[in-house]
Novice: 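Handing you this structure, nothing more for now.
Below, each value reflects all heavy atoms present in this structure, side chains not excepted, and no hydrogens, waters or symmetry copies. Keep in mind it's a predicted model, so treat the numbers as computed, not measured.
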Amino acid sequence: MLGTEKNPKGPNLNKFRKVTKNISGSELSFFAPPPDDPFSSNDKWEAEPDELKLEDLEEFKVLSSSRLSGETQECQDIRSKRIYSNRWAFRGLPIIQGYCGHINCLIDINYIEDLPINESLFNKTILAQSAYRRFNFSTLQDLHSAKKDDLFDLTQEKWSSHLGPLNCQWVKQGNNDWLYFESQPLINTPLTINLFAPIDHKFFISFRFVVTRSASEVNCSYELEKRIEITSFLKFSTNIINTLNLNLSKKEAANKKKVETNLNKDSIICDRPILSITNQEIEHAKHVMYEWSKVEDKDTVIKKENSREIDDFIENRIKARPLSNSYPIGDPLYIHSKSSG
């Protein structure tokens, strides 16, 4: 079956093969196709070693992120080490010139340097807070300059480039629970699909799919959403997620059981908390996407979409869409975005 621009086609499921990583005796495995990079034929993908020792902290670098402004910022409290990277193209008709976007798959082991000694990432609330810290730094803090209709307005206002976390849920996959959520770009930036699981008291895995879509003569993110739907990209990432398996080492499996036993003993209510967004963040997202939907055509400013259409899009996007192996939605955990560095 051939893809279309609206629903492009990714790699064939028959090309999936097993990938295995050994992390201090814990084994992470999943199935994925070989690289299909539309821009490069070099060997940079899947080049990471298959083994990593958590005690080799010199291998972990301070988490950094390149901003839309062009600057690079660092989060001194989180160290990270990449253990897997890949890229796959998505194509539609026409076959020769049908590039519609691609997915990058990035897997990192993250170390929380300042985690208090009495806290553990095997506590799902602590994991959710740590996952948010990473997401907040790498995604939510990537702000952009506000669009100004008034040329004489010189105030330097910053707008969010993403809305998230969205569709947050806990997923039972293999022998472990994974925290899952997505982000929604408000300008022409990638969408992300994120999974997190602990592998040690202070180390956790982040599994990210970074979705980049491309269409000719598109001037705003909402127009891109209409031209190229996210459905086929989500389906492809879900196919990989459904093969995920994490077998903890005997030591870490025992540590996990001990933490969970103590939490049950203390009657911790918030067993699988989900990360939530506020009404203020939702309204801000609607405003940003609407303002950027106004594009200039020569000397005339054309409002291509009215605010109601964009409001409806955002309201539909924030609805829960549980994965087939997800738990019932738990208590919301509201964490306000704040600077890291």
Novice: Quick one: pull up CD in Gln184 and CD1 in Ile314 and give me the separation to the nearest 0.5 Å.
Specialist: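 Between Gln184 CD and Ile314 CD1, I get 5.5 Å after rounding to 0.5 Å.
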
Novice: State, without any angle test, whether Ser80 and Arg82 hold a side-chain donor-acceptor pair at a distance under 3.5 Å.
Specialist: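 No.
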
Novice: Would you call Leu163 and Ile318 a side-chain contact if the rule is heavy atoms closer than 4.5 Å?
Specialist: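 When only atoms from C-beta onward are counted, Ile318 and Leu163 do touch, with a gap below 4.5 Å.
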
Novice: Can you confirm whether Ile205 sits close enough to Ile109 that some side-chain heavy atom of one is under 4.5 Å from a side-chain heavy atom of the other?
Specialist: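 Yes - at least one pair of side-chain heavy atoms lies under 4.5 Å apart.
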
Novice: After noting the C-alpha distance and the side-chain angles of Phe122 and Asn262, does the key distance pass the side chain to side chain contact (heavy atoms under 4.5 Å, CB included) rule?
Specialist: CA-CA 11 Å; Phe122 290 123; Asn262 289 336; over 6 Å; no

Novice: Rounded to the nearest 0.5 Å, what separates atom CZ in Phe135 from atom OG1 in Thr192?
Specialist: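 With rounding to 0.5 Å, CZ (Phe135) is 5.0 Å from OG1 (Thr192).
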
Novice: Is it true that Leu57 and Ile83 fall in one hydrophobic cluster, defined by side-chain heavy atoms closer than 4.5 Å?
Specialist: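 Yes, same cluster.
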
Novice: Are Trp88 and Phe236 near enough that their ring centres are under 6.0 Å apart?
Specialist: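 Yes; Phe236 has its ring centre under 6.0 Å from that of Trp88.
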
Novice: Does a side chain donor of either Gln173 or Asn245 reach within less than 3.5 Å of an acceptor in the other side chain?
Specialist: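 Per modelled atom types, Gln173 and Asn245 side chains form no pair under 3.5 Å.
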
Novice: Ignoring hydrogens, what is the shortest heavy-atom contact between His162 and Ser183? Give both atom names and the distance.
Specialist: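 In this case the closest contact between His162 and Ser183 is ND1-OG, 3.9 Å.
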
Novice: Distance to the ring centre below 6.0 angstrom and angle to the axis at most 45 degrees; does that hold for Arg272 and Tyr327?
Specialist: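 Satisfied, under 6.0 Å and within 45°.
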
Novice: Say whether, by atom type as modelled, one donor and one acceptor occur between the side chain of Thr243 and the main chain of Phe31 under 3.5 angstrom.
Specialist: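 Yes; judged by distance alone, with no hydrogens or angles, the pair exists.
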
Novice: Are Phe90 and His102, when compared by the centres of their aromatic rings, separated by less than 6.0 Å?
Specialist: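 So the answer is no for these two rings.
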
Novice: State whether the number of non-hydrogen atoms from other residues, nucleotides or ligands found under 6.0 Å of Lys257 atom NZ is greater than 12.
Specialist: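 Not buried by this count: 12 neighbours or fewer within 6.0 Å.
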
Novice: Side chain to side chain contact (heavy atoms under 4.5 Å, CB included) for Asn86 and Asn104? Distances and angles first, verdict last.
Specialist: CA-CA 6 Å; Asn86 207 337; Asn104 279 18; over 6 Å; no

Novice: Decide if the gap between the ring center of Tyr132 and the ring center of Phe196 is smaller than 6.0 angstrom.
Specialist: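 No, the ring of Tyr132 stays outside the 6.0 Å limit from the ring of Phe196, centre to centre.
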
Novice: Surrounding NZ of Lys6 (heavy atoms of other residues, nucleotides or ligands, distance under 6.0 Å), is the total greater than 12?
Specialist: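 It does: Lys6 NZ has more than 12 such atoms within range.
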
Novice: Indicate yes or no: at least one non-hydrogen side-chain atom of Leu244 is less than 4.5 angstrom from one of Asn176.
Specialist: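 Heavy-atom side-chain distance check fails, nothing below 4.5 Å.
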
Novice: So, taking the atom named CD1 in Ile78 and the one named CZ in Phe204, what distance separates them when rounded to the nearest 0.5 Å?
Specialist: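 Result: 5.5 Å between the selected atoms.
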
Novice: Are any of the side-chain nitrogens in Lys124 or Glu260 under 4.0 Å away from the carboxylate oxygens of its partner?
Specialist: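 Salt bridge present between Lys124 and Glu260.
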
Novice: Shortest non-hydrogen contact from Ser66 to Asp142?
Specialist: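 Looking at all heavy atoms of both residues, the closest pair is O-OD2, 4.1 Å.
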
Novice: Taking 4.0 angstrom as the limit, do Asp114 and Arg133 come out as a salt bridge?
Specialist: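 Here Asp114 pairs with Arg133 in a salt bridge, since their nearest N and O are under 4.0 Å apart.
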
Novice: Evaluate salt bridge (charged side-chain N to carboxylate O under 4.0 Å, His left out) for Glu59 paired with Lys53, printing each intermediate quantity in order.
Specialist: CA-CA 9 Å; Glu59 292 287 322; Lys53 294 186 181 299; over 6 Å; no

Novice: Can you tell me how far the OG atom of Ser130 sits from the CD1 atom of Ile112, to the nearest 0.5 Å?
Specialist: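 These two atoms lie 4.5 Å from each other.
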
Novice: If you take all heavy atoms of Lys158 and Ser145, which pair is closest and at what distance?
Specialist: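 Nearest pair, atom of Lys158 first, then Ser145: NZ-OG, 3.4 Å.
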
Novice: A cation-pi test, strictly: NZ or CZ of Arg321 under 6.0 Å from the centre of the six-membered ring of Phe181 and no more than 45 degrees from its axis. Yes or no?
Specialist: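 Here Arg321 fails the 6.0 Å and 45° test against Phe181.
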
Novice: Does the Glu223 side chain pair with the main chain of Cys220, one donor and one acceptor, at a distance under 3.5 Å?
Specialist: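 No: the side chain of Glu223 does not pair with the backbone of Cys220.
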
Novice: Checking Glu51 against Asn22: is there a side-chain donor and acceptor pair closer than 3.5 Å?
Specialist: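 Glu51 and Asn22 do not have a side-chain donor-acceptor pair below 3.5 Å.
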
Novice: Closer than 4.0 angstrom, basic N to acidic O: yes or no for Asp108 and Arg134?
Specialist: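 Result for this pair is yes, salt bridge flagged.
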
Novice: Salt-bridged, Glu46 to Arg17, with N to O below 4.0 Å?
Specialist: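 Judged by the 4.0 Å cut-off on N to carboxylate O distance, Glu46 and Arg17 do form a salt bridge.
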
Novice: So that I can tick it off, tell me whether Arg317 and Glu225 are bridged by a salt bridge, with the cut-off set at under 4.0 angstrom between side-chain N and carboxylate O.
Specialist: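 Answer for the salt bridge query: no.
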
Novice: Check Ser232 against Pro8 and note the closest heavy-atom contact, atom names and distance.
Specialist: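 That closest heavy-atom pairing would be OG-O, 3.0 Å.
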
Novice: What is the distance from atom CG of Leu68 to atom OG1 of Thr189, rounded to the nearest 0.5 Å?
Specialist: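 Rounded to the nearest 0.5 Å, the CG-OG1 separation comes to 6.5 Å.
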
Novice: Looking at every non-hydrogen atom in both residues, tell me the closest pair between Leu186 and Ser221 and how far apart they are.
Specialist: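 Smallest heavy-atom distance, with atoms named: O-OG, 2.8 Å.
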
Novice: When you compare the side chain of Asn110 with that of Phe203, does any pair of heavy atoms fall below 4.5 Å?
Specialist: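 A side-chain contact is absent here, since even the closest heavy-atom pair is not under 4.5 Å.
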
Novice: Any sub-3.5 Å donor-acceptor pair from Ser326's side-chain atoms to Leu323's backbone N or O?
Specialist: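 Between the backbone of Leu323 and the side chain of Ser326 there is a qualifying donor-acceptor contact (under 3.5 Å).
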
Novice: Tell me whether Leu143 shares a hydrophobic cluster with Ile187, the cluster being built from Ile, Leu, Val, Met, Phe, Trp, Tyr side chains joined at under 4.5 Å.
Specialist: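 No: no chain of side-chain contacts under 4.5 Å links Leu143 to Ile187.
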
Novice: May I ask you to check whether Phe30 and Tyr84 place their ring centres under 6.0 Å from each other?
Specialist: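 Between Tyr84 and Phe30, the centre distance is under 6.0 Å.
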
Novice: Do NZ/NE/NH1/NH2 and the carboxylate oxygens of Asp36 and Arg91 come within less than 4.0 Å?
Specialist: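 Yes, this pair counts.
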
Novice: By the rule that ILVMFWY residues connect when side-chain heavy atoms come within less than 4.5 angstrom, directly or transitively, which residues belong alongside Val210?
Specialist: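 The other cluster members (ILVMFWY side chains, heavy atoms under 4.5 Å, direct or chained) are Leu106.
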
Novice: Would you mind reporting whether Glu309 and Tyr222 have side-chain heavy atoms less than 4.5 Å apart?
Specialist: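 Sidechains of Glu309 and Tyr222: in contact.
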
Novice: How about Phe137 and Gln73: do any of their side-chain heavy atoms sit closer than 4.5 Å?
Specialist: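 Yes - at least one pair of side-chain heavy atoms lies under 4.5 Å apart.
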
Novice: Is there a side-chain contact between Glu157 and Trp159 (heavy atoms, below 4.5 Å)?
Specialist: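 The answer is yes, as the side chains (C-beta and beyond) meet within the 4.5 Å cut-off.
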
Novice: For the residue pair Pro38 and Arg87, what are the closest heavy atoms and their distance?
Specialist: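 Nearest pair, atom of Pro38 first, then Arg87: CD-CD, 4.1 Å.
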
Novice: Less than 4.0 Å between a side-chain N and a carboxylate O, is that true for Glu48 and Lys81?
Specialist: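 No.
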
Novice: Give the C-alpha distance, both sets of side-chain angles, the deciding distance and a yes or no for side chain to side chain contact (heavy atoms under 4.5 Å, CB included) between Ile241 and Leu195.
Specialist: CA-CA 9 Å; Ile241 291 169; Leu195 290 105; 3.4 Å; yes

Novice: Is there a side-chain contact between Tyr111 and Asp77 in this structure, where contact means two heavy atoms from C-beta onward sitting under 4.5 Å apart?
Specialist: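 The answer is no; the side chains never approach within 4.5 Å.
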
Novice: May I ask you to say whether Lys21 pairs ionically with Glu27, meaning some side-chain N is under 4.0 Å from a carboxylate O?
Specialist: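 No, Lys21 and Glu27 are not salt-bridged.
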
Novice: May I have the step-by-step check of side chain to side chain contact (heavy atoms under 4.5 Å, CB included) for Lys319 and Asn167, ending in yes or no?
Specialist: CA-CA 7 Å; Lys319 290 179 180 177; Asn167 198 28; over 6 Å; no

Novice: Once you round to the nearest 0.5 Å, how far does CD1 of Ile228 lie from CZ of Arg213?
Specialist: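 Taking CD1 in Ile228 and CZ in Arg213, the distance rounds to 7.0 Å.
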
Novice: Around Glu55, counting heavy atoms of other residues, nucleotides and ligands shown, do more than 12 lie under 6.0 Å from its CD?
Specialist: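 Enclosed: over 12 neighbouring heavy atoms sit under 6.0 Å from CD of Glu55.
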
Novice: Could you tell me whether a side-chain N or O of Asn123 sits under 3.5 Å from a main-chain N or O of Thr125, the two making a donor and an acceptor?
Specialist: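 The answer is yes, because a donor-acceptor pair under 3.5 Å joins these two groups.
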
Novice: Mind telling me whether His284 and His287 have parallel, tilted or perpendicular rings, with 30° and 60° as the class edges?
Specialist: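 Because their plane-to-plane angle lies in the 30° to 60° range, the rings of His287 and His284 count as tilted.
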
Novice: Should we say atom CD1 of Ile117 is surrounded by more than 12 heavy atoms from elsewhere, each under 6.0 Å from it?
Specialist: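 Not buried by this count: 12 neighbours or fewer within 6.0 Å.
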
